[in-house]
Structures are given as structure tokens and as C-alpha cells.
Amino acid sequence: MTDPIQPSSKQEIEAAAPHLATASQLSLSLFEDMISQGLSIQHSPKDIGFQRNNLFLELTALNMTSQRFLDAAYFIVAQDRSGANVFDVELTYFRWLMRFDSRNFKYLRQVIQDCQKSVIAVSDTPPDKEVTEHGKWVSVQLLGTAGINNGRIVFEVPNQLVRHIKEPGPSHWLSLRIAAAFTLIYARAIYMQVLLHVADGQTGWIPVDELRLWPGEKAASKAAYKYFKRDYLDPAIRQINEVSDIEISFETRGTTPRSRKIDQIRFHLKKKEGKIFALESLKEAQEIYRVLTEEFRLSSRAINEISEHRDVWTDEWIANAIEFTRYRLRTGQIKRNPAGYLMTALRQNLGLSPAEKQMISIQEDNKPASNTAMLPFEDSSSATKAPAKSKKMPKPEPQSALMTQSQAQAEAALQNERELRIATGYERYNKLDKSTAKNMREEFLLSSEAFILLRRLKLANHAVDEATLFGNELLADSLYLFVYRKTSEPHV
């Protein structure tokens with residue numbers, strides 16, 4: 001078996017790539033998009049999750065962070081198709097999956113050890129049947145050997161559990177997005193326990209003392225019911241209704257004759273009307289879908305915004321914005337960020353006027369035959385390239401010229417501000433002592449901005465030394481921007 005403390009080689013990771021399932025690819029794509037914006041998984045515009053075996057509903061001895069760790073680990077296991085039981089993942093991505101925003105890695109190690117100390121029993125004997133010597137039963141660690149090294153986490157899941165994770169049988173959908181949004185241990189515990197009853201609309205009557213134990217004995221409240229309801233139950237119900245995909249309420253009763261003591265509870269459940277995420281509302285408009293996702297590479301946040309406005313942003317509305325943006329690109333009026341320009345065109349319902357379209361038509365008629373006009377949904381990369389010496393485009397009309405000038409001024413201001421921050425960061429970095437400068441470099445290489453940049457440059461975090469860091473202009477500028485931000489924070 002591969003040493004689980006050592007990260008896999010690049011070749012091994014690339015060889016395993018074909019085994020990644022669609023859900024894993026989606027989560028990686030969302031992660032790259034969202035971490036660059038500083039967003040956690042609970043803000044994801046698309047649901048990420050897996051079918052979790054009902055067996056794991058019995059996990060009640062772990063705290064919130066440990067349960068999130070297992071959620072992330074088992075999600076990775078569920079998507080794998082290689083048959084492995086040792087998994088090698090970028091630590092930044094894993095932390096994002098489990099919503100571990102802290103940089104307290106000492107605590108993360110403790111979380112891993114808590115998971116390793118916990119066990120779960122796997123048995124083929126039904127709960128209502130007598131246990132005999134012939135029944136199959138095994139007590140298994142929830143997590144095997146695990147290690148963190150060079151910005152990666154490697155963990156092992158016992159084979160006895162891998163089968164139950166990948167082929168869950170009786171199961172429920174576990175949304176990492178929703179699970180990560182819970183901050184109250186009782187909210188998570190109640191949500192997980194009632195999931196199996198959502199289709200029925202309600203649970204059966206549940207003893208209140210049993211409910212108290214759902215998050216585990218350590219979290220159980222022994223307070224009188226009215227205080228338990230005030231301090232634990234009511235806040236949990238509010239949070240479930242606020243962050244989850246179900247609406248929940250409850251009723252109570254007492255079963256002891258001539259006693260006013262409340263000892264049973266029943267939950268009423270209703271599935272919320274789901275939001276239309278990503279481009280579900282555009283699936284039938286395949287060409288629009290292709291242009292937005294492939295040609296303009298819109299972020300998931302932008303895509304979600306389009307979906308939410310589909311009642312107003314019709315196919316024609318979007319087509320006009322695309323046509324408008326493409327024309328501005330072809331005439332050199334967009335210097336950077338075409339995707340952002342397109343979103344502005346969508347929000348403001350910008351499009352080419354009939355006069356502009358007539359002007360473009362005349363221009364296209366006067367071009368050589370090889371230079372054909374782009375159709376509204378024709379990819380600009382597929383258009384025939386213009387000859388090296390082509391005629392100059394007509395000067396833009398006064399309104400267009402004003403727009404171009406305003407945009408250029410805004411872009412110049414942003415660029416000047418960035419360069420000023422880089423210069424300031426450079427000066428501040430050079431005033432640091434050797435130890436502080438080293439710590440600053442190490443913190444930068446573990447930051448989200450460095451993570452994204454290193455992926456684009458195809459560099460491993462642990463392989464970046466001082467020579468590489470300062471020898472690459474993009475990395476060096478990013479470091480100085482990082483220093484500027486860190487040294488500008490109030491607590492510094």
C-alpha cells in the first residue's frame with residue numbers, strides 16, 4: 001500500500017483523473033471560482049453532495065468540525081472510481097469542502113485524531129433481531145491512517161466502510177453546502193435525523209430525552225424542557241429554516257396521565273421550493289449555454305445571476321448582449337474582462353441599435369469575401385482571420401467614443417492603484433526582518449490567491465523557493481499585494 005503520509009506523484013494524480021466523477025469535477029470547478037472571491041462552500045450557487053448511507057446517521061459522538069471533516073472525506077471517497085482506499089487531495093480544496101476557514105492547523109490535526117478514535121459498527125443483524133454468534137459484525141474506525149504534507153492531505157478509509165460509502169443502499173442525500181452552513185450542533189443533528197421523513201411530511205412521535213441525545217451525550221442538555229426549548233430547540237429550528245432546503249416545525253405532547261410534563265415531540269416537514277441554480281433554466285438554449293460557458297467563461301456567480309433573472313433576461317435579451325459585447329471586442333473598445341463587460345450589458349439591457357447594425361452590415365459588405373461577418377452565436381475564434389494590412393475601422397460615434405474614454409480612464413485608475421499597492425508592498429516587505437519575511441512568504445504560499453496562481457502556472461506549493469518566487473513577475477507582484485493587504489489590516 002502506498003505510504004499514506006507521502007503525497008502521490010504528479011503522474012499518479014493525473015493517471016487517476018479519468019476516475020473523477022461529475023460531482024467531483026463540479027466541486028473542483030466551483031472551488032476554483034469561489035476561493036478566488038473569498039467565498040466558502042455554503043455560498044455555493046450549485047449543490048454539492050452525495051448519497052450517504054443511513055448507517056452514518058448514527059454518528060453522534062463527534063463535534064461539528066469532526067463531522068464536517070468526515071463529510072468532506074466521504075464525499076471524495078464516493079466520487080472515486082479507482083477502487084482505492086487511500087486518497088490524496090490538495091489541503092486547500094479539502095478545507096474548503098469541510099468549511100475549515102481557520103488557519104489553526106494544530107486544531108485540524110486534533111480533528112483528524114478525533115475521527116480516528118471514533119468507531120462505527122457494521123452489522124447484518126436488523127435492530128429488532130437477536131444478536132447471535134452467526135451474525136456478521138465488525139467495529140471499524142471512521143478514519144484510518146492520515147497525514148498532511150506539502151500542502152496536501154492523504155487519508156485512508158477502511159475497506160469495510162468504502163463499500164458502504166460507494167454503494168450506500170438505503171441512503172439519503174447529504175448536501176455539503178447545507179451541512180457547512182450549520183453552526184449549531186442541534187440544528188445539524190435534527191436536520192440529519194429528519195431527512196428520511198421529508199417525503200412523509202412528518203416524523204413519528206419521538207421521546208424528548210432521545211432528541212436531547214441526537215448530537216451525542218456530550219452535547220445533551222439536561223435542563224428542564226422549557227429551557228431546553230428556549231436555548232437549544234428553538235434556535236436549531238430557526239437555523240434549519242434559514243439555511244437548509246426544508247421547512248420544519250414541531251408539536252409536543254405529554255404521555256403521563258395527570259401530568260403537564262412534555263415528553264414527546266413530532267416534526268412537520270416540507271421541502272422548500274428549490275432555486276434554479278447554474279444554467280438549469282438555459283439547458284434548452286444550448287447555443288447560449290455554450291457561448292456563456294465556453295467563449296466568455298462566466299463564473300458560477302454570474303451564471304447563477306443569469307438564471308435568477310431568466311423571467312426577464314430572455315434568449316433575445318441575452319443574444320443582444322452577446323452581439324453587443326462581441327462588436328465592442330472586435331472594434332477594440334474592450335481592453336480587459338469581456339465577461340464582466342457582458343454582465344454589464346445584460347444588467348443594463350445594452351444592444352446594438354438598428355443604425356449600428358446597418359453600419360456593421362455596410363462595413364461587412366465592403367470587406368474582402370474571406371472576411372465574413374460573425375453570426376450572433378458564432379465563436380470569434382472560428383472566424384477567418386483578417387489580412388495583416390486591413391483597413392482601419394471607422395471612428396466610433398461620439399457616444400461610443402465617450403464610453404470608450406470613460407472605460408479607459410476607469411481601467412487606468414485601477415491599474416495605477418494596483419501598481420501603487422505593489423510598490424508599497426515591495427517597500428514594506430524589504431523593511432521586514434529575515435524571520436518575519438520568511439513567515440510572510442510561507443503564509444502567502446498557503447493563501448487562496450497563491451493557490452489559484454500556482455495552479456495556473458502549474459507549480460507545486462512546496463516547490464516554490466525564493467528564486468522561483470522572485471524570479472516570476474506574477475508571483476512576486478502577488479506577494480507584494482499580499483504584504484500590502486496584510487500590513488494594512490487594523491490588527492497589524
Side-chain angles (χ1 to χ4, degrees), residues 20-21 23-24 26-28 30-31 34-35 39-44 46-80 85 87-102 107-120 140-144 146 148 153-158 161-162 164-168 171-196 214-216 219 236 239-240 243-246:
L20 290 175
S24 183
L26 169 65
S27 63
L28 280 167
L30 287 171
F31 160 68
M34 295 180 67
I35 197 171
L39 298 175
S40 300
I41 188 172
Q42 74 270 24
H43 302 299
S44 172
K46 190 79 173 176
D47 204 12
I48 307 170
F50 65 106
Q51 285 296 130
R52 188 174 73 158
N53 196 308
N54 291 344
L55 172 75
F56 297 112
L57 289 173
E58 304 303 319
L59 299 180
T60 59
L62 295 169
N63 65 23
M64 181 82 80
T65 309
S66 297
Q67 291 188 55
R68 286 181 184 164
F69 181 95
L70 290 177
D71 290 343
Y74 291 177
F75 167 78
I76 290 168
V77 175
Q79 310 313 315
D80 180 75
N85 74 325
F87 305 88
D88 182 347
V89 187
E90 286 173 311
L91 182 58
T92 308
Y93 170 56
F94 191 94
R95 288 171 54 221
W96 182 79
L97 283 176
M98 65 175 288
R99 193 192 168 188
F100 189 83
D101 302 324
S102 167
Y107 177 57
L108 181 60
R109 293 179 182 181
Q110 183 60 54
V111 167
I112 293 173
Q113 291 179 322
D114 288 344
C115 292
Q116 290 174 318
K117 293 174 185 176
S118 299
V119 297
I120 191 169
V140 196
Q141 282 181 291
L142 294 174
L143 185 71
I148 296 174
I153 180 170
V154 186
F155 61 92
E156 177 186 22
V157 175
L161 287 184
V162 169
H164 291 280
I165 296 171
K166 292 186 177 182
E167 301 171 9
S171 59
H172 57 280
W173 176 256
L174 176 68
S175 166
L176 296 185
R177 179 173 58 86
I178 294 173
F182 289 124
T183 57
L184 302 176
I185 190 75
Y186 267 100
R188 177 189 167 102
I190 293 172
Y191 174 81
M192 295 301 174
Q193 291 290 339
V194 304
L195 277 179
L196 302 183
W214 278 359
Q239 187 167 84
I240 292 172
V243 307
S244 83
D245 56 346
I246 63 173

*asked:* Nearest 0.5 angstrom please: Asp114 CG to Ser66 OG, how far?
replied: 4.5 Å
*Starting at CG of Leu108, measure out to CD1 of Ile148 and round the result to the nearest 0.5 Å.*
4.5 Å
*side chain to side chain contact (heavy atoms under 4.5 Å, CB included) between Phe31 and Ile41: does it pass, once the steps are laid out?*
CA-CA 8 Å; Phe31 160 68; Ile41 188 172; over 6 Å; no
_Apply side chain to side chain contact (heavy atoms under 4.5 Å, CB included) to residues Met34 and Ser44 and explain how you reach the verdict._
CA-CA 8 Å; Met34 295 180 67; Ser44 172; 3.9 Å; yes
_With rounding to the nearest 0.5 angstrom, report the OG to CG distance, Ser40 to Asp101._
4.0 Å
*asked:* Let me confirm one number: the CD1-CZ distance from Ile76 to Phe155, rounded to the nearest 0.5 Å.
replied: 4.5 Å
*Hey, does the side chain of Gln193 reach the backbone of Leu57 with a donor-acceptor pair shorter than 3.5 angstrom?*
yes
*Can you find a pair of side-chain heavy atoms, one from Asn53 and one from Leu161, that are under 4.5 Å apart?*
no
*asked:* Go through it in stages, so that I can follow the logic: the residues are Val154 and Phe87, the test is side chain to side chain contact (heavy atoms under 4.5 Å, CB included), and I'd like the CA-CA distance, side-chain angles, deciding distance and then a yes or no.
replied: CA-CA 6 Å; Val154 186; Phe87 305 88; over 6 Å; no
*So, for Ala72 and Met98, which heavy atoms are closest and what is the spacing to 0.1 Å?*
CB-CB, 3.9 Å
*Apply ring pair (Phe, Tyr, Trp, His ring centres under 6.0 Å) to Phe100 and list each qualifying residue two or more places apart in sequence or on a separate chain.*
none
*Quick one: list whatever passes side-chain hydrogen bond (donor to acceptor under 3.5 Å, both in side chains) with His172, sequence neighbours left out.*
Arg52, Asn54
*What is the minimum heavy-atom distance between Phe75 and Gly49, and which atoms define it?*
CE1-O, 3.5 Å
_Minimum heavy-atom distance between Ser171 and Leu196, given as atom pair plus value_ = O-CD2, 4.3 Å
*asked:* If I take atom CZ from residue Arg68 and atom CG from residue Leu176, how far apart are they, to the nearest 0.5 angstrom?
replied: 11.0 Å
*For the residue pair Val111 and Phe69, what are the closest heavy atoms and their distance?*
CG1-CB, 3.9 Å
*asked:* Looking at every heavy atom in both Ala78 and Phe50, which two are closest together, and how far apart are they?
replied: CB-CD1, 3.9 Å
*Glu156 pairs by side-chain contact (heavy atoms from CB on, under 4.5 Å) with which of Asn85, Val162, Leu143?*
Asn85
*Considering residues at least two apart in sequence or located in another chain, which fulfil the side chain to side chain contact (heavy atoms under 4.5 Å, CB included) criterion with Ala179?*
Asp71, Leu174, Arg188, Met192
*By side chain to side chain contact (heavy atoms under 4.5 Å, CB included), which residues pair with Gln113, not counting sequence neighbours?*
Gln110, Gln116
_Is there a side chain to side chain contact (heavy atoms under 4.5 Å, CB included) between Ser175 and Ile48? Walk through the geometry before answering._
CA-CA 6 Å; Ser175 166; Ile48 307 170; over 6 Å; no
_Spatial distance of atom CD1 (Ile165) from atom OH (Tyr74) [nearest 0.5 Å]_ = 5.0 Å
*For Val243, check side chain to side chain contact (heavy atoms under 4.5 Å, CB included) against everything at least two apart and list the hits.*
Ala181, Phe182, Gln239
*Check side-chain hydrogen bond (donor to acceptor under 3.5 Å, both in side chains) between Ser244 and all other residues, then give those that pass, not counting sequence neighbours.*
none
_Between Ile178 and Asp245, is there a side-chain heavy-atom distance shorter than 4.5 Å?_
yes
*Which atom pair, heavy atoms only, marks the closest approach of Leu142 to Cys115?*
CB-O, 3.7 Å
*Between Arg99 and Ala180, is there a donor-acceptor pair closer than 3.5 Å when you use the side chain of the first and the backbone of the second?*
yes
*Is there a salt bridge (Lys or Arg N to Asp or Glu O under 4.0 Å) between Lys166 and Asp80 once you walk through the steps?*
CA-CA 8 Å; Lys166 292 186 177 182; Asp80 180 75; 3.2 Å; yes
